[in-house]
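Worksheet for the structure shown next.
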Amino acid sequence: MRDDRPGTGTAVHLFIRAKPGKRHTLLTHIADLFDTMRAEPTFVSAAVHPVLDAEDELHVYEIWSEPRAALEMRLKVHPAFARYQKVAADLVVMMRPTFLAHPPLWPAPDG
């Protein structure tokens with residue numbers, strides 16, 4: 001059962017800089033990963049945004065209905081995520097994750 005109170009889930013924002021000319025290949029692997037991860041019971045959604053003014057950069061947003069610690073444990077043991085990390089090591093210059101409370105606090109709840 002999902003708990004939609006602020007801060008009970010986790011949103012992840014990833015800033016990714018692919019190696020020059022590797023963004024399209026990386027996007028293919030990210031799509032494959034999310035095709036698998038969407039079957040996880042706490043997966044809510046994901047979005048991938050190529051940066052218009054930087055041909056090797058991406059922003060990825062994921063929403064999960066579980067706390068950060070549980071999400072990190074899930075990913076640590078998930079075979080699809082392990083495969084992605086191995087492939088990404090050859091395609092990525094930098095990956096900076098930011099973990100956010102979800103749902104967000106705005107719009108403010110009534111009352």
Side-chain angles (χ1 to χ4, degrees):
M1 175 178 221
R2 280 169 60 169
D3 185 347
D4 290 329
R5 292 174 297 163
T8 56
T10 304
V12 183
H13 170 248
L14 296 165
F15 170 75
I16 302 172
R17 182 172 295 129
K19 291 182 178 177
K22 299 293 184 182
R23 183 170 82 173
H24 180 74
T25 302
L26 181 61
L27 280 167
T28 300
H29 289 286
I30 290 171
D32 289 345
L33 175 65
F34 285 135
D35 280 344
T36 300
M37 299 307 285
R38 71 171 29 150
E40 292 297 306
T42 61
F43 179 86
V44 176
S45 67
V48 181
H49 299 273
V51 176
L52 297 175
D53 298 329
E55 66 184 36
D56 296 319
E57 296 179 1
L58 300 166
H59 287 263
V60 179
Y61 298 90
E62 304 170 36
I63 299 175
W64 297 82
S65 64
E66 64 187 328
R68 177 182 177 174
L71 173 60
E72 288 179 323
M73 183 58 67
R74 176 185 302 280
L75 296 177
K76 183 177 179 179
V77 300
H78 200 288
F81 189 71
R83 285 190 305 274
Y84 168 76
Q85 285 185 308
K86 187 174 182 179
V87 168
D90 294 329
L91 300 173
V92 171
V93 173
M94 182 192 68
M95 185 178 311
R96 186 178 64 227
T98 302
F99 294 87
L100 308 164
H102 188 81
L105 297 175
W106 188 260
D110 292 337

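The analysis underlying the following values was restricted to heavy atoms, covering all of them including side chains, and did not include hydrogens, waters or symmetry mates.
- With values rounded to the nearest 0.5 angstrom, Leu58 atom CG is found 9.0 Å from Met95 atom CE.
- A continuous path of ILVMFWY side-chain contacts below 4.5 Å connects Val92 to Leu14, so both sit in one hydrophobic cluster.
- For residues 8-29, the pairs satisfying salt bridge (Lys or Arg N to Asp or Glu O under 4.0 Å) are Arg17-Glu57, with sequence neighbours left out.
- Ring geometry for Phe34 against Phe43 counts as tilted: the plane angle lies between 30° and 60°, on a 0 to 90° scale.
- Using a 4.5 Å cut-off between side-chain heavy atoms of Ile, Leu, Val, Met, Phe, Trp and Tyr, with links allowed through other members, Leu71 and Val48 fall into the same hydrophobic cluster.
- Taking each heavy atom of Ala80 and Thr36 in turn, the nearest pair found is CB-CG2, 3.6 Å.
- Sequence neighbours left out, not one pair with a member in residues 44-54 passes side chain to side chain donor-acceptor pair (under 3.5 Å).
- Residues satisfying the side-chain hydrogen bond (donor to acceptor under 3.5 Å, both in side chains) criterion with Glu66, sequence neighbours excluded, are Thr42, Arg74.
- Atom CD of Gln85 has more than 12 neighbouring heavy atoms from other residues, nucleotides or ligands inside a 6.0 Å radius.
- Within the structure, no pair that satisfies the side chain to side chain donor-acceptor pair (under 3.5 Å) test touches residues 86-99, not counting sequence neighbours.
- Residues Ser65 and Pro41 come closest through the heavy atom pair OG-O, 4.5 Å.
- No more than 12 heavy-atom neighbours from other residues, nucleotides or ligands sit within 6.0 angstrom of CE on Met73.
- Looking at residues two or more places apart in sequence or on another chain, you find no ring-ring contact (aromatic ring centres under 6.0 Å, His included) involving His29.
- In terms of the side-chain hydrogen bond (donor to acceptor under 3.5 Å, both in side chains) criterion, residue partners of Arg68 (sequence neighbours excluded) are, by chain and number, Glu72.
- Under the salt bridge (Lys or Arg N to Asp or Glu O under 4.0 Å) criterion, the residue pairs touching residues 25-37 are Asp35-Arg38, with sequence neighbours excluded.
- Applying the ring-ring contact (aromatic ring centres under 6.0 Å, His included) definition to pairs two or more places apart or across chains, none involves residues 69-89.
- The hydrophobic cluster containing Val93 does not contain Ile30, counting ILVMFWY residues as joined when their side-chain heavy atoms lie under 4.5 angstrom apart, directly or transitively.
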